[in-house]
Amino acid sequence: MSTDDKNRAVAAAILPLVGGAGNITSVAHCMTRLRLGLRDRSLVRDEELKALPAVMGVVEDDTYQIVLGPGTVARVTPEFEALVAEAPAAPAATPSADDLAAQGAAIRAARKARNQTPFKLFLRRIANVFVPLIPALIGCGIIAGLNGLLINLGWLPAVTPALAAIASGFMALIAVFVGFNTAKEFGGTPILGGAVAAIVVFPGVAKVDAFGQTLSPGQGGVLGALGAAVLAVYVEKWCRRWVPESLDVLVTPTLTVLVSGLVTIFGLMFVAGEVSNAIGEFADWLLVHAGAGAGFVLGGLFLPLVMLGLHQALIPIHTTLIEQQGHTVLLPILAMAGAGQVGAAMAVYLKLPRNGSIRRTIKSALPAGFLGVGEPLIYGVSLPLGRPFVTACVGGAFGGGFVGLFSMLGTKVGSTAIGPSGWALFPLLDGDKGLGRTIAVYAGGLLTGYLAGFVATYFWGFGARLLEEFDVDTDTGPETVVAASAGTTPPPGPAPEPGPEPKPAKL
């Protein structure tokens, strides 16, 4: 089967399990998850969906999120969208309108009470602005790292200026992309948001004085662009309500850009610049004066943020630090959470020697875990088991504390881009004490996270009841499992017919 056929088969397997094309209101994806808007949540067949080999887990948030993993999700999503578009425009089949209405109302009420807080909705919106920018940040960050290596080695001097231009071009205009995405996310015209945000990076602002100082191009960075685009959306919506329809095409865009632009130049750029400087200064102060403790707390809390999908709200902070300092010193610390998860998974593998299904799940998910994709291990292993998720957080805390300690000692470890973690972050590392020492500190943090996560899980991650429940032979029939639990030999019987490879146990 070709790769395209395989991706289409995955999409075709998922579609009926989420209620069919008629139940889909929106389709999008981030780095690892297929995000679906659903008309009726009760039509989703969760257990059958989780049993699909390509599905690593599901997350319920403002959208229904199916974890497929990096690379895979980017290829499956277009196939899924095509299948939805090809389906007849008819509502999904329902067994009973009254029954489904009652079930849907109860589910929506429960989810609304749990998830639809103003703060969470705001964080998700901000994350949705920056998530589409991650591929460009990764690509440009790796090119910047390669260029720095070539410069330090004195190689290819004729090529390095071109690489510098390639790596820096996106970052020089990132405010425009942020403004475009912000207006799109908040319900405005995207190009107007981009036009207003472009003022932030326009060289001509250097001729403008505001608050007793001369503005500089890029002052306020992505935060200024974000604020400018949000303001543009509200001005545009006001114009749509009050400007006569016959004048709308001329008056609305003009007033939107003019009013938002003036407020941006004579207010937002200065304020956002002060906030951006404060973020950079606070990050530096925190790591210099409380690096070990801060690293311990940040590394320990990051896995729960990943589990909830709220880790993406940190993207504006990372982006601001990259704009100011060329790298973010927070990402290498937060990446230690994945190391704790890997160490915990290794301990689970050893603690459950008879559970073949869980051990297969761990073996298949560990490569992704080493590369910084922790969701397969979170949703497939540690979180369903309960206590191993907590001990994985302990491993992340110790790894983060290790990296934070070296920041206190004068060796800062940063990343030139956001997105990857684990071993995949090595090409993006940057620091103030040379690449060799930077890599050594980061590698030491990973090893600390692996070891601490393993030890905490092996010795404190399992109670007697959990071991009794899960340390059983899942590759045989019920008689064998019962006999094994009783310490007896199962009765002889005919050899079983060969069948398909058993799926990982549903934890």
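Residues: numbered from 1 along the sequence shown.
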**Request:** Only counting residues at least two apart or in another chain, list the ones meeting side chain to side chain contact (heavy atoms under 4.5 Å, CB included) with Leu409.
**Result:** Leu405
**Asked** Just by distance, do the side chain of Thr77 and the backbone of Ala74 share a donor-acceptor pair under 3.5 Å?
**Response** no
**Prompt:** Which pairs, with at least one residue in residues 135-145 and sequence neighbours excluded, count as a side chain to side chain donor-acceptor pair (under 3.5 Å)?
**Reply:** none
**Asked** Which pairs count as side chain to side chain donor-acceptor pair (under 3.5 Å) when at least one residue sits in residues 338-349, sequence neighbours excluded?
**Response** Gln341-Ser382, Tyr349-Arg359
**Item:** Asn7 side chain to Val76 backbone, donor-acceptor under 3.5 Å
**Value:** no
**Prompt:** Are the side chain of Thr438 and the backbone N or O of Leu429 linked by a donor-acceptor pair below 3.5 Å?
**Reply:** no
**Message:** Suppose the criterion is ring-ring contact (aromatic ring centres under 6.0 Å, His included): which pairs have a residue in residues 400-419, not counting sequence neighbours?
**Reply:** Phe402-Phe406
**Request:** May I ask you to test the Gln213-Phe270 pair for a side-chain heavy-atom distance under 4.5 Å?
**Result:** yes
**Prompt:** Can you say whether the rings of Tyr442 and Phe426 are parallel (under 30°), tilted (30 to 60°) or perpendicular (over 60°)?
**Reply:** perpendicular
**Asp432: partners by salt bridge (charged side-chain N to carboxylate O under 4.0 Å, His left out), with sequence neighbours left out** = none
**Prompt:** Judged by atom type as modelled, is there a donor-acceptor pair below 3.5 Å linking the side chain of Thr391 to the main-chain atoms of Ala456?
**Reply:** no
**Request:** Taking Ser415 for its side chain and Ala417 for its backbone only, find out whether a donor-acceptor pair lies under 3.5 Å.
**Result:** yes
**Request:** With sequence neighbours left out, write down each residue that passes side chain to side chain donor-acceptor pair (under 3.5 Å) with Thr214, or none if nothing qualifies.
**Result:** Asp209
**Prompt:** Looking at Phe186, is Arg125 sitting on its ring face, NZ or CZ under 6.0 Å from the six-membered ring centre and within 45 degrees of the normal?
**Reply:** yes
**Message:** With a 3.5 Å distance limit and no angle check, can you tell me whether Ser26 reaches the backbone of Gly37 through a side-chain donor-acceptor pair?
**Reply:** yes
**Prompt:** Any sub-3.5 Å donor-acceptor pair from Gln219's side-chain atoms to Ser216's backbone N or O?
**Reply:** yes
**Listed partners of Glu323 passing salt bridge (charged side-chain N to carboxylate O under 4.0 Å, His left out), at least two apart** = none
**Message:** Between Asp284 and Lys412, does any NZ, NE, NH1 or NH2 come within less than 4.0 Å of an OD or OE carboxylate oxygen?
**Reply:** yes
**Request:** Report the residues that fulfil side chain to side chain donor-acceptor pair (under 3.5 Å) with Trp460, sequence neighbours left out, ordered by chain and then residue number.
**Result:** none
**Asked** Can you pull the salt bridge (Lys or Arg N to Asp or Glu O under 4.0 Å) pairs that have at least one residue in residues 433-455, sequence neighbours excluded?
**Response** none
**Message:** Once side chain to side chain contact (heavy atoms under 4.5 Å, CB included) is applied, do any residues pair with Asn128, and if so which ones, sequence neighbours excluded?
**Reply:** Glu185
**Under the side chain to side chain contact (heavy atoms under 4.5 Å, CB included) test, residues paired with Ala365 that sit two or more places apart** = Pro376, Leu377
**Item:** Plane angle bin for Trp423 and Phe370 - parallel if under 30°, tilted between 30 and 60°, otherwise perpendicular
**Value:** tilted
**Request:** Taking side chain to side chain contact (heavy atoms under 4.5 Å, CB included) as the test, write out the residues that go with Phe266, two or more places apart.
**Result:** Val208, Ala210, Leu262
**Request:** Give a yes or no on whether the backbone of Ile143 and the side-chain of Asn147 come within a donor-acceptor separation of less than 3.5 Å.
**Result:** no
